[in-house]
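In what follows, chains are A, B, ... by sequence order, proteins preceding strands, each numbered from 1.
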Amino acid sequence: MASLTIVFAAIFLLSLTSASVVHGRSSRRRFVRSYDEPCMEMRLYLHDILYDYSNSTSNSTSAAATKPTALATAVPSTGGTFFGQVVVFNDPMTEGRALPPSLEETAVRAQGVYLYNSKEAFNAWFAFSIVFNSTGRRGTLNLMGADIIAEKTRDISVVGGTGDFFMSRGVATLRTDAFEGFTYFRLQMDIKLYECYV
Amino acid sequence: MASLTIVFAAIFLLSLTSASVVHGRSSRRRFVRSYDEPCMEMRLYLHDILYDYSNSTSNSTSAAATKPTALATAVPSTGGTFFGQVVVFNDPMTEGRALPPSLEETAVRAQGVYLYNSKEAFNAWFAFSIVFNSTGRRGTLNLMGADIIAEKTRDISVVGGTGDFFMSRGVATLRTDAFEGFTYFRLQMDIKLYECYV
Amino acid sequence: MASLTIVFAAIFLLSLTSASVVHGRSSRRRFVRSYDEPCMEMRLYLHDILYDYSNSTSNSTSAAATKPTALATAVPSTGGTFFGQVVVFNDPMTEGRALPPSLEETAVRAQGVYLYNSKEAFNAWFAFSIVFNSTGRRGTLNLMGADIIAEKTRDISVVGGTGDFFMSRGVATLRTDAFEGFTYFRLQMDIKLYECYV
């Protein structure tokens, strides 16, 4: 009987520590690590209105950190791929639907930087935060990774999170959903978290 | 008796693997994951002396990567929120106390980049390393996240660490502790690690 | 006998959940967390051909995001340390060998940004992705950290990964292996992953 008691204690400890820990702030939530199945999934669309649309920036949601002409002077060989250009953005995101949002839509926004890093082709690199600010969800996800535009889909990393996304990690799969010259592009982002607080 | 032996083996393995692993480099330290209570906490103050103070940069600890005038030309609508400006910094940090440090103070420094990413308000995004270089602590913490200045406090992610902060993860809560126009600002950073090596 | 059965169940569950989880996509791979011994190691060399070599950028693999002269004007006191300069790069990497690669070599590339962040000395900060694109390995590692050039070796963080490096974390140790003025530098990168999918 003594051995049985110890066995049950072992099993209890095991289930407590294996992949979930009760969080101090809420006894109903726990931290999950799950590498075979995501613990959270969502589809978001990022809407980037480029800085030089119709020579007007009144509706733009991103800004080149360098003047294109200055860049062209510094790196004359780049041709049309904007190698070296750094763009700061604060883009509205829509959840589930691809339709362009109203510009005031602020429930989900992507804030950060992307840059063009190839002389041969359009190729980008992203580092940014997704800021959730609705009644249902508050917090941020922080992401970074290579956006190899020539590939149909490309994966970047979710490297951290705060608030409702406390300590999250995962992978976001990007797909170019629309690209309208220098006026607008839309990225579909399928986010799968494998470490999250549920 | 045989079953008891196996039970004890199970319990031993359990305590070894559940949330802590003895590290090869030091048998006295172990890796802890603890999501309900931080495994390490500290309060640091970041001191940023802006690049254009008195038209002099002799004491500045940060540098605009772009000329403000160039930015203003590229993005005329930004008004006074510096949308698109990228700033590189190497700021002294003080631990526990908010007093400005001597500029030579190098025991803790924040090195990296912030950028202004809103047309409507002051809003920033950070990616940087905290470099610890004292006799007591050596190593780095790497952080990134949205600094939504309009909010009283905002959380960013600690996404990694090295040296004494090997493989750390956590959350840093930022609060603007002082803001003196274009000459100086001070951020209070309450860092809580939930994965760390203790 | 009943207790023995339960004990074996406990041990089975323990080995399943302690540090490895069978991944849904491949029953032969599992996720490992191992803080005393890396679960994966590799040595890579990054080759950066600077933008202003011989006044020609035809072979360059990196591009200053700002004109050096513009920077010098904005921050006159920086002298020769390029404080504030942001450089976008897309550098070939070689595995195991330090020899310069052919420029078309694309099996492993480092894509991202570095910036110079000191007025007193050459000091840099990196955030980038290593993109693997060979038949043997596909995927990315995402890294960030302070590259304190004055130190013989310096550690930065591997904060995430995708594809064959799904959810990886670890540390990369940098060492300057060659530095040829403003024409070329080579970094040795010893990457050790402590969380990886094997």
### Query
What distance do B/Tyr35 atom OH and A/Arg33 atom CZ have between them, rounded to the nearest 0.5 Å?
4.0 Å

#### Entry: Non-hydrogen atoms of A/Ala63 and B/Gly84 that approach each other most closely
CB-CA, 3.9 Å

### B/Tyr194 ring center near A/Phe31 ring center (under 6.0 Å)
no

### Summary
In short, B/Ala146 meets A/Ser129 closest at the heavy-atom pair N-OG, 3.2 Å

### Task
Side chain from CB out, backbone as N, CA, C, O: work out which of these in A/Ile130 comes under 4.5 Å of a heavy atom of chain B, or both, or neither.
neither

### Message
Would you compute the distance between atom CG of A/Asn142 and atom CH2 of B/Trp125 and round it to the nearest 0.5 angstrom?
### Response
8.0 Å

### Task
May I ask you to decide if A/Asn90's main-chain N or O and B/Lys119's side chain share a donor-acceptor pair within less than 3.5 Å?
no

### Summary
Between B/Arg169 and A/Met167 the two heavy atoms that sit nearest each other are NH2-O, 3.1 Å

### Task
Indicate the atoms forming the closest heavy-atom contact of A/Val88 with B/Tyr116, along with that distance.
CG1-O, 3.5 Å

### Query
So B/Glu151 and A/Arg138, salt bridge (charged side-chain N to carboxylate O under 4.0 Å, His left out) or not? Walk me through it.
CA-CA 13 Å; B/Glu151 297 187 7; A/Arg138 288 185 182 276; 5.4 Å; no

### Summary
For A/Gly160 and B/Ser157, the nearest pair of non-hydrogen atoms, with its separation, is C-OG, 3.4 Å

## Note on the structure
Pair count under 4.5 Å, heavy atoms only, with chain A: among B/Asn117, B/Leu115, B/Val159, highest is B/Asn117

### Query
Of all heavy-atom pairs between A/Gln111 and B/Ile148, which one has the smallest distance, and what is that distance?
OE1-CG1, 4.2 Å

